[in-house]
Protein chains: 2
Amino acid sequence: MDQPNISKKAQNSRARIVEAAYQLFLRQGYHRTSMRQISAEAGLTVGAIYNHFVNKEAIWEAVFMAKHPYREIMPLLKSVDSPTIAGFVRQSASHLVTELSRRSDLLNLMFIELVEFGGKHIPVLFQAIFPEAVQLGETLARKAGNLRPIPNLVLLRSFMGLFFSYYITEIMLPEEIRRQMGSEALDTFIDIYLYGVLDEPMRERND
Amino acid sequence: MDQPNISKKAQNSRARIVEAAYQLFLRQGYHRTSMRQISAEAGLTVGAIYNHFVNKEAIWEAVFMAKHPYREIMPLLKSVDSPTIAGFVRQSASHLVTELSRRSDLLNLMFIELVEFGGKHIPVLFQAIFPEAVQLGETLARKAGNLRPIPNLVLLRSFMGLFFSYYITEIMLPEEIRRQMGSEALDTFIDIYLYGVLDEPMRERND
DNA sequence: CCTACCGATCGGTAGG
DNA sequence: CCTACCGATCGGTAGG
C-alpha cells in the first residue's frame, strides 16, 4: 500500500479532471471556466493537467465524449419494454422528460459544443452512437402499431426531434406561460406525434 | 457640414457597434470576441464603446434584441397567405427552412444566450414578441381544416417546435447521413405534424 | 471619442 | 529512463 499502482493513479487523476471540468463547463460555460478552476476542483496543479491533456480543448473533447446526453438517454430508452409503438413513445417521453427536467443541464453540453466549437466534434460522437441509434429505430419500427410509410431513419430522427421540440420551446418560455399551459403540454405533444406517425387506432393512452 | 448632428453620429456609432458585435459573436461566440475586435470592426476605439454601452454584456443585450430569429421569422410567417392550415404549415415550413439553411447562424444567437447567460434575457425578448405570437396562433387556428382539440398556445408551441426539431436534428447529423435521408425528411416531418394536429382530411399536399 | 493605462487573470510551459 | 507533479512564471489579453 506504500507503492500504489502508478497507472491507476494516472487514470484516477484523469477521471477527476474530466469530472471537475464537466461540472464547471455546465455551470459556467467553456470560456468562463479557467484551467485554474479545473485543477483546483480536481485536486491537482495546473501543470499537472498537461500531463493528461495537451490543452484545454482536449479536456472538452474528453468531457463531451464521456458525458454527452446519449450516455444517459440510450440506457433509459432500452429499459422501456412496451410492446406497442404508442406505449413505447409514451413511456419513453415520460422517462426522458423527467430526466431532462431533473437535469436541465443535459443538453447544455450540446449547446456549448455548437456555440464554442461550431459542432466540429459532433461527427466523432455520431459515429460512436450511430449503430445503437439504428438498432433503436429498428426496434421501434418492429413494435405493434400501424406506422404510416416513414423511412426508419426519419422515424428515429422525428422521435428524437419530439424531445428537442418540447425541451427547446420549454426553455424559451418564461415560467409564467409554462404554468398557463400546464403539464398537459407534454401529453399533447406526444399525442400530436402519435397521431402523426401512426396510421389508425392504437393511439389510445393504454401504457 | 462642419458641424454634423451629434445625436445622429452617436446613433450611427451605436449601430455600427451592434452590427460589428453581431457578426463577431456569431462567428466566434461571445467570450472569444474581444472588445478590441468589436471596436476595430466598428471603426472606433475600445474606450469609445463605453460611451454607448456600460459593458460587454450590454452590447450582447442590444445584439440579442435587435437580431434574434423572430425578427426574421415573424414577417416571413405573416407573408404566408394560404387559407388552409395544411397549406399554411407547408408554406411556412418551406420558407422557414429555406431561410434557416441560407442563414444557418440564425439560431446560434439563441444558443449563445442559453450557454453564456443561462437564458436570462429570454423573458424580456418573450414579452416583446408574445402579442405577435398569440395573434399568429389565433390566425392559424381560424384557418380551414379540422383541428383536433388542442389549446391555442400548445398548438403554437408545437408549430414552433416542428422547426426546432427539424433544425436541431439536422445540425446534429453529419453531412453523410443527411444526404442519405434526402430532402424528403422535411416533407415527412411536415406530414407527421399535419397528421398529428388535423382531424381528418385536408392533409393532402395541395398548397 | 482618444491615449494610456490599471488590477487580474488567461492558457500554457519553464526547470527540477 | 519513466510517471506524476511542484512552485513559479512566461507572453498576451480580459474588462474597465
Side-chain angles (χ1 to χ4, degrees), chain A residues 1-25 27-64 112-113 115-118 120-121, chain B residues 1-22 24-25 27-64 112 115-118 120-121:
Chain A
M1 63 188 261
D2 292 339
Q3 183 67 287
N5 187 319
I6 289 173
S7 176
K8 275 215 173 145
K9 212 175 152 191
Q11 280 177 33
N12 184 269
S13 292
R14 198 191 145 94
R16 274 186 291 119
I17 294 168
V18 169
E19 187 60 32
Y22 171 56
Q23 304 291 344
L24 289 163
F25 287 157
R27 206 183 314 143
Q28 309 177 333
Y30 179 78
H31 271 95
R32 276 196 226 266
T33 299
S34 69
M35 294 296 282
R36 267 85 185 160
Q37 288 177 304
I38 296 173
S39 65
E41 197 74 24
L44 37 78
T45 59
V46 189
I49 290 184
Y50 289 91
N51 289 315
H52 300 275
F53 299 95
V54 289
N55 54 27
K56 196 182 174 185
E57 183 169 338
I59 300 180
W60 168 257
E61 288 166 13
V63 168
F64 187 57
I112 294 176
E113 167 64 22
V115 167
E116 302 287 2
F117 302 99
K120 73 177 176 184
H121 304 111
Chain B
M1 61 188 267
D2 291 340
Q3 183 70 288
N5 186 319
I6 288 174
S7 175
K8 272 216 175 147
K9 213 177 153 191
Q11 279 176 34
N12 183 269
S13 292
R14 198 191 144 94
R16 274 186 293 118
I17 294 168
V18 169
E19 186 60 30
Y22 172 55
L24 289 163
F25 287 158
R27 207 183 313 142
Q28 308 177 333
Y30 178 78
H31 271 95
R32 276 197 228 266
T33 299
S34 70
M35 294 296 282
R36 266 89 187 159
Q37 287 177 305
I38 297 172
S39 66
E41 197 75 23
L44 37 79
T45 60
V46 187
I49 290 184
Y50 288 90
N51 290 316
H52 299 275
F53 299 94
V54 289
N55 54 27
K56 196 181 173 188
E57 183 168 337
I59 300 181
W60 168 256
E61 288 166 12
V63 168
F64 186 57
I112 294 176
V115 168
E116 302 286 2
F117 301 100
K120 72 177 177 185
H121 304 110

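When reading the values below, keep in mind they use all heavy atoms of this one structure, side chains included, and skip hydrogens, waters and symmetry mates. Per chain, numbering begins at 1; letters A, B, ... match sequence-line order. As the structure is a prediction and not an experimental result, all values here were calculated from the model.
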Table please: side-chain donor-acceptor pairs of residues 37-45 of chain A below 3.5 Å, with sequence neighbours left out.
| unit_1 | atom_1 | unit_2 | atom_2 | d |
| --- | --- | --- | --- | --- |
| A/Gln37 | OE1 | A/Ser34 | N | 3.0 |
| A/Ser39 | OG | A/Met35 | O | 3.2 |
| A/Ser39 | OG | A/Arg36 | O | 2.8 |
| A/Thr45 | OG1 | A/Ala48 | N | 3.4 |

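- Rounding to the nearest 0.5 Å places CD1 of A/Ile112 at 12.5 Å from CD1 of B/Ile112.
- For the pair B/Gln37 CD and D/dG12 P, the interatomic distance rounds to 17 Å; values are reported in whole Å.
- D/dT13 atom C1' lies 11 Å from atom NZ of B/Lys56, rounded to whole Å.
- Atom CD1 of B/Ile59 is separated from atom OH of B/Tyr22 by 16.0 Å, given to the nearest 0.5 angstrom.
- Separating the CD atom of A/Glu57 from the P atom of C/dG11 is a distance of 13 Å, rounded to the nearest angstrom.
- B/Ala58 is linked by a side-chain contact (heavy atoms from CB on, under 4.5 Å) to B/Phe53, B/Val54, B/Asn55, counting only residues two or more places apart in sequence or in another chain.
- Once rounded to the nearest 0.5 Å, the distance linking CD of A/Glu113 with NE2 of A/His121 reads 5.5 Å.
- Comparing the same atom, P, in D/dG12 and in C/dA8 gives a spacing of 22 Å after rounding to whole Å.
- For the pair B/Ser34 and D/dT13, the criterion of a side-chain N or O lying under 4.0 Å from OP1 or OP2 is not met.
- Between the P atom of C/dA4 and the CE atom of B/Met35 lies a distance of 19 Å, rounded to the nearest Å.
- In the set D/dG16, D/dC5, D/dG15, D/dG16 carries the atom at the smallest distance from any side-chain atom of B/Asn55.
- Using the six-membered ring where Trp is involved, B/Phe25 and B/Tyr30 have ring planes that are tilted, between 30° and 60° apart.
- To the nearest angstrom, P of D/dT13 lies 16 Å from CD1 of B/Ile38.
- When the nucleotides D/dG15, D/dA4, D/dT9 are ranked by their closest atom to the side chain of A/Arg36, D/dT9 comes out on top.
- Among residue pairs with one or both ends in residues 52-62 of chain A, those qualifying as salt bridge (charged side-chain N to carboxylate O under 4.0 Å, His left out) are A/Glu57-A/Lys120; sequence neighbours excluded.
- Taking atom NE2 on B/His31 and atom P on C/dG11, their separation rounds to 11 Å, with Å as the unit.
- By the side-chain contact (heavy atoms from CB on, under 4.5 Å) test, A/Arg27 pairs with A/Gln23, A/Leu24, sequence neighbours left out.
- When the side-chain nitrogen and oxygen atoms of A/His52 are compared with OP1 and OP2 of D/dC5, one or more of them lie within a distance under 4.0 Å.
- Helical stems in DNA chain C, defined as runs of 3 or more consecutive Watson-Crick or G-U wobble pairs with donor-acceptor distances under 3.5 Å: none found.
- Counting to the nearest Å, the C1' atom of D/dA4 and the CG atom of A/Asn51 are 6 Å from each other.
- For the C1' atom pair drawn from D/dC5 and C/dG15, the interatomic distance equals 13 Å after rounding to whole Å.
- Against DNA chain C, the stretch residues 39-50 of chain A makes heavy-atom approaches under 4.0 Å through A/Val46, A/Gly47, A/Tyr50.
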